[in-house]
Amino acid sequence: MSYTPVQLLENWILRQASDSGQAWLDSQREAVATGDPKALYMAFGFAPRKVGKADLQLTERDLNDAAEARPGWMPHSWTLDQAARVLLLMSLPTEDDAAFYQILEKLFQTAEIREQICLYQALQLLPHQELFDDRLAEGIRTNIKSIFESIAHHNPLPMELMSEHAWNQMILKALFIGAALDPVEGLDRRVNPELARMLIDFAHERRAAKRPIPVELWRVAAPFADEIALEDMKALYAAGEQLEQSAIALALVSTASDEADVILKTNPEVAKRAENGEITWPEIARQAY
C-alpha cells in the first residue's frame with residue numbers, strides 16, 4: 001500500500017505526540033486551512049512547544065514509504081516539530097499560487113535557524129515548487145552551515161530546479177564551508193564541464209600553495225579531467241594521504257579512460273580496492289568530515 005506525504009507525516013506524529021499535542025495540531029491545521037496566514041504564522045512558531053522536538057523514530061519501512069511517496073525524500077533526520085510544521089504548511093490553500101508564495105516568503109524572511117531549516121526541507125513536499133528557485137539560490141549563499149545543508153543535503157529540489165550556474169555555486173560553496181558532497185542528491189547526474197573546470201583550477205591552486213584539497217572534489221572533477229587535473233591526481237595518488245589516494249582511485253575507476261588506467265596502475269593495491277567496491281563515497285565522506 002502506498003501513502004501520500006501527508007498520510008505518512010500524520011502517522012509518524014500520531015505514534016509519538018501526546019494526546020494534547022495531537023489535538024492542538026489538528027485544531028491548528030483546521031485554522032490554517034481557512035487561508036488565514038496569521039493562523040499559520042502563530043502555529044508555526046508554537047509547534048515545538050506543543051508537540052515537542054524529539055527526533056522522529058522512523059523505521060526502514062517508513063523511509064522506504066517516504067521515498068515512494070516523494071522520490072528523493074529522506075526524512076531520517078527530521079524531528080517531531082518539523083513534521084508538524086510541514087503538515088501546517090501543507091494545510092494552507094494552494095489555489096492562488098502568488099498568495100501561497102507570498103505567505104511562505106514572509107515566513108522565510110522572519111524565520112530563525114530551525115524554522116529556516118524546516119522551510120527549506122518542506123519545499124520538496126509543497127506545490128508550486130518552481131516559484132522557489134530564487135529562494136533556493138539565495139539560501140545557498142548563507143554562511144550558516146546547518147541552513148546550507150538543509151538545502152544541499154538529502155533534498156531533491158536543487159537537482160530538480162537549480163540552473164547549472166546555481167548548482168555549480170552550491171557545490172563550490174559546500175567545499176568552501178566544509179559540507180560533504182556525498183549527501184547531495186543528483187551529484188553524479190549533474191556533473192558538468194564548467195563545474196569540473198572550476199574545481200580543477202581550485203585544486204591546482206591549493207596544491208601549488210601546499211594546502212589540502214577536499215578529497216570529494218575528485219568525484220566531480222575526474223569525469224572532465226584535463227592534463228592539469230591528471231597531473232595533480234597522479235602526484236597525489238603516488239604520495240598523498242591514504243584518504244586522498246582512496247578518493248582519487250574511486251574517481252578514476254569511474255572515468256574508465258586510458259589516462260585513468262595508467263595512473264591507477266601506479267598503485268594497484270588501492271585501485272583493486274576501489275574496483276571491488278571496498279572503497280565507497282559515503283565512507284570517504286564519513287572519514288573526511
Closest heavy-atom contact between [X] and [Y]?
X: L131; Y: Y101; answer: O-CE1, 3.4 Å
X: P127; Y: T94; answer: CG-CG2, 3.4 Å
X: T34; Y: P93; answer: C-CG, 4.4 Å
X: F148; Y: A179; answer: CE2-CB, 4.0 Å
X: E160; Y: P71; answer: OE2-O, 4.5 Å
X: S146; Y: I113; answer: OG-CG2, 3.7 Å

Query - Cation-pi, F224 ring and R197 (6.0 angstrom, 45 degrees) - result: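 Judged by the rule, R197 and F224 form no cation-pi pair.
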Side-chain ([X]) to main-chain ([Y]) donor-acceptor, under 3.5 angstrom:
X: T110; Y: K106; answer: yes
X: Q121; Y: C118; answer: no
X: H153; Y: L181; answer: no
X: Q129; Y: Q124; answer: yes
X: H154; Y: V184; answer: no
X: Y237; Y: I263; answer: no

Between [X] and [Y], is any pair of side-chain heavy atoms under 4.5 Å apart?
X: L136; Y: Y120; answer: yes
X: L56; Y: Q16; answer: yes
X: M42; Y: K38; answer: no
X: F108; Y: L123; answer: yes
X: L157; Y: I151; answer: no
X: L9; Y: M90; answer: yes
X: P5; Y: W73; answer: yes
X: L107; Y: L40; answer: yes

Query raised in the report: Under the salt bridge (Lys or Arg N to Asp or Glu O under 4.0 Å) rule, what pairs show up with a residue in residues 12-32, not counting sequence neighbours?
Result: E10-R29, R15-D62
Query - Pairs where residues 202-216 contributes a residue and the test salt bridge (Lys or Arg N to Asp or Glu O under 4.0 Å) is met, not counting sequence neighbours - result: R207-D232
Please report the interatomic distance [atom1]([X]) to [atom2]([Y]), rounded to the nearest 0.5 Å.
X: H204; Y: L199; atom1: NE2; atom2: CG; result: 14.5 Å
X: I248; Y: L236; atom1: CD1; atom2: CG; result: 4.5 Å
X: L125; Y: L89; atom1: CG; atom2: CG; result: 10.0 Å
X: Q116; Y: Q109; atom1: CD; atom2: CD; result: 10.5 Å
X: R70; Y: L8; atom1: CZ; atom2: CG; result: 13.5 Å
X: L252; Y: W218; atom1: CG; atom2: CH2; result: 9.5 Å

ILVMFWY cluster, [X] and [Y] together (side-chain gap under 4.5 Å):
X: F202; Y: I200; answer: no
X: L250; Y: L230; answer: yes
X: M74; Y: W78; answer: no

Is it the case that more than 12 heavy atoms not belonging to [X] sit under 6.0 Å from its [atom1] atom?
X: E130; atom1: CD; result: yes
X: H165; atom1: NE2; result: no
X: E112; atom1: CD; result: yes

**Report entry** Working for side chain to side chain contact (heavy atoms under 4.5 Å, CB included), residues S246 and R273
**Finding:** CA-CA 8 Å; S246 296; R273 290 177 55 229; 4.0 Å; yes
Just list the side-chain donor-acceptor pairs under 3.5 Å for residues 169-178, sequence neighbours left out, or say none.
unit_1: K173; atom_1: NZ; unit_2: I140; atom_2: O; d: 3.3
unit_1: K173; atom_1: NZ; unit_2: R141; atom_2: O; d: 2.9
unit_1: K173; atom_1: NZ; unit_2: T142; atom_2: O; d: 2.7

**Report entry** R61 bridged to D65 by N-O distance under 4.0 Å
**Finding:** yes
Show me the donor-acceptor pairs within less than 3.5 Å that the side chains of residues 185-192 make with the rest of the protein, sequence neighbours left out.
unit_1: E185; atom_1: OE2; unit_2: N155; atom_2: N; d: 3.2
unit_1: D188; atom_1: OD1; unit_2: R219; atom_2: NE; d: 3.0
unit_1: D188; atom_1: OD2; unit_2: R219; atom_2: NH2; d: 2.8
unit_1: R190; atom_1: NH1; unit_2: P158; atom_2: O; d: 3.2
unit_1: R190; atom_1: NH1; unit_2: M159; atom_2: O; d: 3.2
unit_1: R190; atom_1: NH1; unit_2: M162; atom_2: O; d: 2.7
unit_1: R190; atom_1: NH2; unit_2: M162; atom_2: O; d: 3.0
unit_1: N192; atom_1: OD1; unit_2: N168; atom_2: ND2; d: 3.2
unit_1: N192; atom_1: OD1; unit_2: E194; atom_2: N; d: 3.3
unit_1: N192; atom_1: OD1; unit_2: L195; atom_2: N; d: 2.8
unit_1: N192; atom_1: ND2; unit_2: N168; atom_2: OD1; d: 2.8
unit_1: N192; atom_1: ND2; unit_2: R190; atom_2: O; d: 3.1

For residues 274-284, tabulate all N or O donor-acceptor pairs below 3.5 Å that involve a side-chain atom, not counting sequence neighbours.
unit_1: N276; atom_1: ND2; unit_2: K272; atom_2: O; d: 3.3
unit_1: T280; atom_1: OG1; unit_2: E283; atom_2: N; d: 3.3
unit_1: E283; atom_1: OE1; unit_2: R286; atom_2: NE; d: 3.0
unit_1: E283; atom_1: OE2; unit_2: R286; atom_2: NE; d: 3.3
unit_1: E283; atom_1: OE2; unit_2: R286; atom_2: NH2; d: 2.6
unit_1: E283; atom_1: OE2; unit_2: Q287; atom_2: NE2; d: 3.1

Please tabulate, one pair per line, all N/O donor-acceptor pairs under 3.5 Å involving side-chain atoms of residues 79-87, not counting sequence neighbours.
unit_1: T79; atom_1: OG1; unit_2: D81; atom_2: OD1; d: 2.7
unit_1: T79; atom_1: OG1; unit_2: Q82; atom_2: N; d: 3.4
unit_1: D81; atom_1: OD1; unit_2: R114; atom_2: NH2; d: 2.9
unit_1: D81; atom_1: OD2; unit_2: R114; atom_2: NH2; d: 2.6
unit_1: R85; atom_1: NE; unit_2: F44; atom_2: O; d: 2.7
unit_1: R85; atom_1: NH2; unit_2: F44; atom_2: O; d: 3.0
unit_1: R85; atom_1: NH2; unit_2: E115; atom_2: OE2; d: 3.4

